Amino acid sequence: MNSRENLVKMIGVLDLQGGVIEHLNHLKSLGVNGRQVKKPQDIVGLSGLIIPGGESTCISKLINIFGLRKAITEEFNSGMKIWGTCAGAILLAKNIAGEAPHLALMDIEIKRNGFGSQLDSFGLHAIIKPISPRPIPLTFIRAPKITRVGTDVNILLRIDDYIAVAETPGALATVFHPELTANLSFHRYFLKKCGREIVQ
Ligand code: GLN
């Protein structure tokens, strides 16, 4: 049993910019004290890391400034799960339309601001069977569109001409913000992916 499989399965939230507190609050609602990740040593031993929404270019620059890229990549390659929400999904993508990729940990192609400007933000409900049998409210804020996924990537939600949720064994990408609604299904799902089953 390696340290990641121990009873204490820590979940971190990358705390550089964006919707950090909202993710921590959702984890708390599920009885999990998330670790705020600011330094490379904060990543060591995490079972899962959430990269929040915000501004992907800004978060990427801060990842470099704070020297976190190597630690994120190494822990991911040794089994830490990563969930990217909105800007976080952009950071995970191996391909970004018209731009160089950032962490490039997931074989997805993504188009930033795929719906237009901040004023084109919107909400909808969708049933995503692996996540919950009930409709989940989804909040899109200057959201990207996932436009293509690699053969090893599972599509959990496709709407119109885009993919909204994609997953690999190691990573989860959502182009919307589950931390901005009261619904805890996605957080519960990610915790399970990290080996922490929450029964409530
Ligand atoms: N439009 C932002 C970007 O490209 C993402 C927006 C968000 O995370 N809500 O980084």
Side-chain angles (χ1 to χ4, degrees), residues 11-27 34 36-38 48-66 68-69 72-73 76 81-126 128 131 136-149 153 155-167 171-187 189-190:
I11 308 295
V13 180
L14 189 65
D15 185 5
L16 301 176
Q17 190 263 336
V20 177
I21 228 64
E22 292 82 357
H23 276 296
L24 289 168
N25 287 343
H26 268 37
L27 293 174
Q36 288 169 257
V37 170
K38 288 176 184 284
L49 175 69
I50 299 175
I51 305 183
E55 183 61 39
S56 52
T57 45
C58 174
I59 299 175
S60 180
K61 279 186 187 149
L62 291 169
I63 284 174
N64 289 336
I65 290 168
F66 286 85
L68 288 160
R69 177 181 300 267
I72 293 174
T73 304
F76 178 74
K81 314 291 182 193
I82 303 189
W83 173 19
T85 56
C86 202
I90 297 168
L91 287 160
L92 287 180
K94 282 204 173 145
N95 290 288
I96 305 174
E99 285 180 36
H102 301 291
L103 295 171
L105 299 177
M106 198 176 180
D107 188 9
I108 58 176
E109 190 171 280
I110 206 158
K111 183 177 186 300
R112 293 179 68 197
N113 305 325
F115 301 89
S117 73
Q118 189 85 4
L119 292 175
D120 300 304
S121 300
F122 62 98
L124 53 81
H125 284 73
I128 310 163
I131 312 288
I136 303 175
L138 312 177
T139 305
F140 294 72
I141 301 174
R142 215 148 56 82
K145 285 181 174 177
I146 299 171
T147 49
R148 190 197 59 77
V149 300
V153 180
I155 296 172
L156 298 192
L157 180 64
R158 191 194 285 275
I159 306 173
D160 302 331
D161 66 337
Y162 65 96
I163 295 155
V165 186
E167 184 179 36
L172 176 66
T174 54
V175 302
F176 46 81
H177 291 266
E179 77 286 8
L180 295 184
T181 75
N183 190 290
L184 298 171
S185 308
F186 266 98
H187 290 77
Y189 183 77
F190 183 63

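Throughout, residue positions are numbered sequentially from 1 according to the sequence presented. Read the numbers this way: they start at 1 and go in the same order the structure lists the ligands and their atoms. Please read these numbers as outputs of a predicted model, since none were measured by experiment.
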### Query
Backbone N or O of His177 within a donor-acceptor pair of the Thr85 side chain at under 3.5 Å?
no

### Query
Is His26 reaching over with its side chain to a backbone N or O of Thr181, donor-acceptor style, under 3.5 angstrom?
yes

### Message
When you measure from the side chain of Ser121 to the backbone of Arg142, do you find a donor-acceptor pair of N or O atoms at a distance under 3.5 Å?
### Response
yes

### Query
Okay, side chain of Ser56, backbone of Leu91: is any donor-acceptor separation there less than 3.5 Å?
no

Do any side-chain atoms of residues 11-21 form donor-acceptor pairs under 3.5 angstrom with protein atoms, and if so which ones, sequence neighbours left out?
unit_1: Asp15; atom_1: OD2; unit_2: Gln36; atom_2: NE2; d: 2.7
unit_1: Asp15; atom_1: OD2; unit_2: Lys38; atom_2: NZ; d: 3.4
unit_1: Gln17; atom_1: OE1; unit_2: Glu55; atom_2: N; d: 2.9

### Query
Nearest heavy-atom pair of Phe115 and Asp120: which atoms, and what distance?
O-CB, 3.2 Å

Just the distances, no angles: every ligand 1 N or O to protein N or O pair closer than 3.5 Å, one line each.
unit_1: ligand 1; atom_1: 1 (N); unit_2: Asn113; atom_2: OD1; d: 2.7
unit_1: ligand 1; atom_1: 1 (N); unit_2: Arg142; atom_2: O; d: 3.0
unit_1: ligand 1; atom_1: 4 (O); unit_2: Arg112; atom_2: NE; d: 2.7
unit_1: ligand 1; atom_1: 4 (O); unit_2: Arg112; atom_2: NH2; d: 3.0
unit_1: ligand 1; atom_1: 8 (O); unit_2: Gly54; atom_2: N; d: 2.9
unit_1: ligand 1; atom_1: 8 (O); unit_2: Gly54; atom_2: O; d: 3.1
unit_1: ligand 1; atom_1: 8 (O); unit_2: Ala87; atom_2: N; d: 3.0
unit_1: ligand 1; atom_1: 9 (N); unit_2: Ile141; atom_2: O; d: 2.9
unit_1: ligand 1; atom_1: 9 (N); unit_2: His177; atom_2: NE2; d: 2.8
unit_1: ligand 1; atom_1: 10 (O); unit_2: Ser56; atom_2: N; d: 2.6
unit_1: ligand 1; atom_1: 10 (O); unit_2: Ser56; atom_2: OG; d: 2.7

